Amino acid sequence: MTSQDSDRDWWRTAVVYQVYPRSFADSDGDGIGDLRGLIQRLDHLERLGVDVVWLSPIYRSPQDDNGYDISDYQDIDPTFGTLADVDELIAAMHERGMRLMMDLVVNHTSDEHPWFVESRSSTDNPKRDWYWWRPPREGMAGGTPGAEPNNWESAFSGTVWEHDEASGEYYLHVFSRKQPDLNWENPEVREAVYAMMRWWLDRGVDGFRMDVINLISKDPALPDGIVHAGTYGDSSPYLINGPRIHEFLAEMHREVMQGRDRKILTVGETPGATVEDGLLYTDAARRELDMVFTFEHVGVDHAQTKWDLIPLQLTALKAVLGRWQVGLADVGWNSLYWNNHDQPRAVSRFGDDGAWRERSAKLLGTVLHLHRGTPYVYQGEELGMTNHPFGSIDEFRDIESLNHHAQAVGLGVDPDRVLESLRSRGRDNARTPMQWDASPHAGFTTGEPWLPVNPNHTEVNAEAATADEGSVFHHYRRLIELRHQEPVVALGDFTMLLPDDEAVYAFTRSLDDVELLVVANFSGEPVGADVDVAAWADAEVLLDNVGHAAAAWDGRLEPWQALVLRRTR
Ligand code: NOJ
């Protein structure tokens, strides 16, 4: 391997930190986070030791879906700052040895993007075909119930079709009606997207997190889906991992990433991707993506939809994560995450955000970071931030939650039940302001925050955590340091142990003569772990989350205890 090649492999030992800019740090008192706020808080990220920041969208946007509806890919929304602020951010990050990964949202634009404004202006506009326009269902009058071109349901409730009075046609929007889907079949669309990506790389960004990227290739026939329940059909066979997806991603790699003077890091958000799909997307030889976000492990406590609350089974979680570890072991690469801006807070979902908050937060960090792949830390996870105690529907801001509430209550579901789901699964849980200190708005803003601050910020905050060597923050810092220092953490083989155990998550990692054992008790009761304890009697304790682990481990685990042991063969 040449030195240039090995430099290009830096990312395999990297840890990524996700910033949701709206909720991270507000520098100007308008209650919304911004770029200058982020620049001012880079010390926090440097202290934690992360290598890469994934920044959720900051582009110009009407903010219908908090920036995932973009009206200008090459400008910054005034709420967040200016292009000069981004340049300063990039320089400040590079100076600290950190890299910047931008969110790339190209499955759809905003309906206020000039491309769509033109496309909408007439049926013969040159950009008409940049989006998915279709006439009403045959024999039906546009705008009447059932006249939609097909029976697909939007991810944000209701139909995927919006009727355009002026032309009498409908346009497709898989997300909100203000997020029309781009037609990737049209080569001009692809060229425009690639040109925009190159422009960002020339500006100095180091990679892209690609929003719902496995939705960009659709079956152009857009056929009705099979109706399993309710009114809508299943669009997934025609929408997810579509017929030309691999062709498009390989083309993007060729047109944008290839031939650059530095490694460009890419991660695709891929709902509905199986391990087999993941392998195709991330096989380095295929030159598509470095890694993808699987959704399988964040679906283990979902029934038909994410709003149906079913208890989490540890065996199910292990089965999924273990399958991805094995599936992508030799070819491909995993990304590892418990939460992000779309998911509830990890400690509230997989841990115990009451009596064992700190300990279970450290356990979750330990288990995740000791897997093979690239760990992602979502802002506040390193503090053990929890779900928010939402009172009424009026406190929610997220379009997904508000639309779901309106639809479900409209269909006669008990509003209290709907609220219970929102409290547990709503995306606003992850979006309450970052808790910097114990002051009234948690040091996030001097104004009125756009979403309420969690009342537990008086206890759970960065200032307190950085001052306490025993905090969740310092545990995460050690985990990141361990990954940087101990090659087996990033690169070792993974073997799952005790797949049928409902309380203990256990696995080994091995590289050359070094072996690690990771054991974690996902319960509030003491347990015994059924592993070969004698074989680990002389092992060194690399990390534990209770602060007083015995020198020679006897196989017992305290409530929510997680241990990492190391031995050489
Ligand atoms: C996935 C993003 O993570 C989510 O926040 C957004 O609502 C949808 N894609 C649509 O862009």
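The basis for the numbers below is simple: all heavy atoms, side chains too, and nothing from hydrogens, waters or symmetry mates. Note that ligands are numbered from 1 as they come in the structure, with each ligand's atoms numbered from 1 the same way. Everything numeric here is computed off the predicted structure, so don't read it as measured data.
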Engineer: What is the closest protein heavy atom to atom 2 (C) of ligand 1, and at what distance does it sit?
Structural biologist: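 Looking at atom 2 (C) of ligand 1, the protein heavy atom closest to it is Asp211 OD1, 3.0 Å.
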Engineer: What protein heavy atom lies closest to atom 6 (C) of ligand 1? Include the residue and the distance to one decimal.
Structural biologist: Asp65 OD2, 3.3 Å
Engineer: Looking only at atom types and distance, does a side-chain atom of Asp69 sit under 3.5 Å from a main-chain N or O of Asp65, one as donor and one as acceptor?
Structural biologist: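 Flag set: sc Asp69 to bb Asp65 pair under 3.5 Å.
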Engineer: For the pair Tyr281 and His246, name the ring-plane relationship: parallel under 30°, tilted 30 to 60°, perpendicular over 60°.
Structural biologist: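 Tyr281 and His246: tilted rings.
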Engineer: Relative to ligand 1, is Arg209 under 4.0 angstrom through side chain, backbone, both or neither, heavy atoms considered?
Structural biologist: side chain
Engineer: Taking a cutoff of less than 4.0 Å between a non-hydrogen atom of the residue and any ligand atom, is Arg427 in contact with ligand 1?
Structural biologist: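 Per 4.0 Å heavy-atom rule, Arg427 contacts ligand 1.
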Engineer: Check whether Trp133 forms a cation-pi arrangement with Arg128 (NZ or CZ under 6.0 Å from the six-membered ring centre, at most 45° off the ring normal).
Structural biologist: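 Cation-pi check for Arg128 and Trp133: passes.
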Engineer: Find all atoms of ligand 1 within a distance of less than 4.0 Å from any non-hydrogen atom belonging to Asp342, and give their numbers and elements.
Structural biologist: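 Selected atoms, number and element: 1 (C), 2 (C), 3 (O), 4 (C), 5 (O).
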Engineer: Which is it for His108 and ligand 1 at heavy atoms under 4.0 Å: side chain, backbone, both or neither?
Structural biologist: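 Side chain only.
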Engineer: Are any side-chain N or O atoms of Arg423 and backbone N or O atoms of Phe390, one a donor and one an acceptor, separated by less than 3.5 Å?
Structural biologist: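 Checked: pair present.
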Engineer: Take the angle between the ring planes of His297 and Trp338 and call it parallel below 30°, perpendicular above 60°, tilted in between.
Structural biologist: tilted
Engineer: Just which atoms of ligand 1 are under 4.0 Å from any heavy atom in Phe156?
Structural biologist: 7 (O)
Engineer: Which residue holds the protein heavy atom closest to atom 8 (C) of ligand 1, what is that atom called, and what is the gap in Å?
Structural biologist: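 Of the protein heavy atoms, Phe175 CE2, 3.8 Å lies nearest.
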Engineer: Taking the inter-plane angle between the rings of Tyr171 and Phe116 on a 0 to 90° scale, is it parallel (under 30°), tilted (30 to 60°) or perpendicular (over 60°)?
Structural biologist: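 Taking Phe116 first and then Tyr171, their aromatic rings stand perpendicular (interplane angle over 60°).
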Engineer: Which of the atoms of ligand 1 are close to Glu269, meaning less than 4.0 Å from one of its heavy atoms?
Structural biologist: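 Counting from 1, the qualifying ligand atoms are 1 (C), 3 (O), 9 (N).
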Engineer: Which bit of Phe293 is near ligand 1, meaning a heavy atom under 4.0 Å away: side chain, backbone, both or neither?
Structural biologist: neither
Engineer: Has Gln435 got a side-chain atom pairing as donor or acceptor with Val460's backbone, closer than 3.5 angstrom?
Structural biologist: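 Such a contact is found between Gln435 side chain and Val460 backbone.
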Engineer: With a cut-off of under 6.0 Å to the ring centre and 45° to the axis, is Arg41 in cation-pi contact with Trp436?
Structural biologist: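 Judged by the rule (NZ or CZ under 6.0 Å from the ring centre, within 45° of its axis), Arg41 counts as positioned above Trp436.
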Engineer: Could you list which atoms of ligand 1 come closer than 4.0 Å to a heavy atom of Arg431?
Structural biologist: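 Taking each heavy atom of Arg431 in turn, ligand 1 has 5 (O) under 4.0 Å.
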Engineer: Ligand 1 versus Gln343, non-hydrogen atoms closer than 4.0 Å: side chain, backbone, both, neither?
Structural biologist: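 Near ligand 1, Gln343 shows nothing, with every heavy atom at 4.0 Å or more.
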